[in-house]
Amino acid sequence: QAKSFGRNQLHVFDVQHDHAVQTQHTRQTRVAQALHAGELVLHYQPKVNLRTGEIIGLEALLRWQHPQEGLLGPQHLLPLVEDTDLQVELGEWVLRQALAQMRQWTDAGMLWEVSVNIAAPHFHRPNFVPRLKDILHTCLEVSPTRLELEILESAALEDMQYMRSMMQSCQALGVRFALDDFGTGYSSLSYLKRLPAETIKIDQSFVRGILEDGDDLTLVQAIVALAAAFHRHVVAEGVETAEHAARLLELGCERAQGYGIARPMPAHEVLGWARDHAARHAARAVQNAAER
Ligand code: C2E
Ligand code: MG
Ligand code: MG
Ligand code: MG
């Protein structure tokens, strides 16, 4: 703020504002320290095909292993760095970390996709694409086609033309896109037509209500139909129960993510979870065949 004033210009600081800037600065410093001290980690939440049981991929979700307060969610970090250089540094760290993890899973024979959430101000940086290209080049063992960038639908609507061209430049590198929290951004048909995202993720607030709220059910049905019409994949977020999963399958939504399938977990637990998941699914398939 103060930087914008002329060098010799007199101005009176707003004490309260100055204080706010101070604490903001202190919090950001704390986040920077956490990043450099290795207190930040990514947890991974599986995304599966409900019908086949196949693991499609995992979403990387930021966590802060705070020395005093324990494991903190992204809401304790992200608002503090909104629209700052630190947000970009953090976002690039998440990308590098996710790629390194993908390489490990690839070595174990698991060609899973990994989805990374990208904050809109980070995505809007003019050098986002060359930076992404550099990051991808540091990890040649992983095909960029297995990296998916999740952009909030609401953010994607802000500057369509620019958004579209940015997404196309990234796609030229091989990476793919998902529109996150879809349905909350007042999308219209024409918006989806113009945004080259391969996947849309139905916001969990609608998914949660499909069993008892007719409006939510109608909305989810409409989004599934929209996705099919535009040849996009659709993923339901926030699938918490077997009833939700069964209803989604009836609605033609096969891909899902949620606590009912798996909670976000540390990277080292993922291979074990995948083995258990495959065994559970095989057992269920046998049971279904026996009942038929
Ligand atoms: P999101 O991308 O929509 O991620 C889904 C959120 O829903 C995650 O919360 C996940 O833990 C939670 N979730 C998954 N399944 C269920 C369920 O069945 N029930 C309920 N109640 N919740 C479920 P989380 O990890 O707290 O992340 C919140 C948001 O923070 C994310 O929403 C995303 O927008 C943002 N975020 C997380 N990690 C990053 C990151 O590395 N970079 C950026 N820019 N944003 C991130
Ligand atoms: Mg997401
Ligand atoms: Mg979401
Ligand atoms: Mg969300």
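Quick note: numbers below take in every heavy atom, side chains included, and nothing from hydrogens, waters or symmetry partners. This one's a predicted model, so the numbers in the text were calculated from it and none came from an experiment. When a ligand or atom number is given, it counts from 1 through the structure's own listing order.
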(Q) Taking a cutoff of less than 4.0 Å between a non-hydrogen atom of the residue and any ligand atom, is E59 in contact with ligand 1? (A) yes

Q. With a 4.0 Å cut-off on heavy atoms, is R263 touching ligand 1?
A. no

Q.
Side chains of E198 and Q171: any donor to acceptor distance under 3.5 Å?
A. yes

Q: State if K201 counts as touching ligand 1 under the rule of any non-hydrogen atom under 4.0 Å.
A: no

Q: Using distance alone, decide if ligand 1 has a nitrogen or oxygen within less than 3.5 Å of any nitrogen or oxygen in Q204.
A: yes

Q | Pair listing, side-chain hydrogen bond (donor to acceptor under 3.5 Å, both in side chains) test, anchored in residues 98-111, at least two apart | A | R103-E141, T106-R146

Q | Selected option - heavy-atom contact closest to atom 34 (O) of ligand 1, from N117, V81, I118, L95 | A | N117

Q. Going by heavy atoms, is P264 under 4.0 Å from ligand 1?
A. yes

**Q.** Residue list, side chain to side chain donor-acceptor pair (under 3.5 Å) with R176, at least two apart or on another chain
**A.** E113

Q: Report yes if L62 has an N/O atom closer than 3.5 Å to an N/O atom of ligand 1; otherwise report no.
A: yes

Q) When you check the gap from the basic side-chain N to the acidic O, do E59 and K201 get nearer than 4.0 Å? A) yes

Q) Relative to the ring of H124, is the ring of Y162 parallel (under 30°), tilted (30 to 60°) or perpendicular (over 60°)? A) parallel

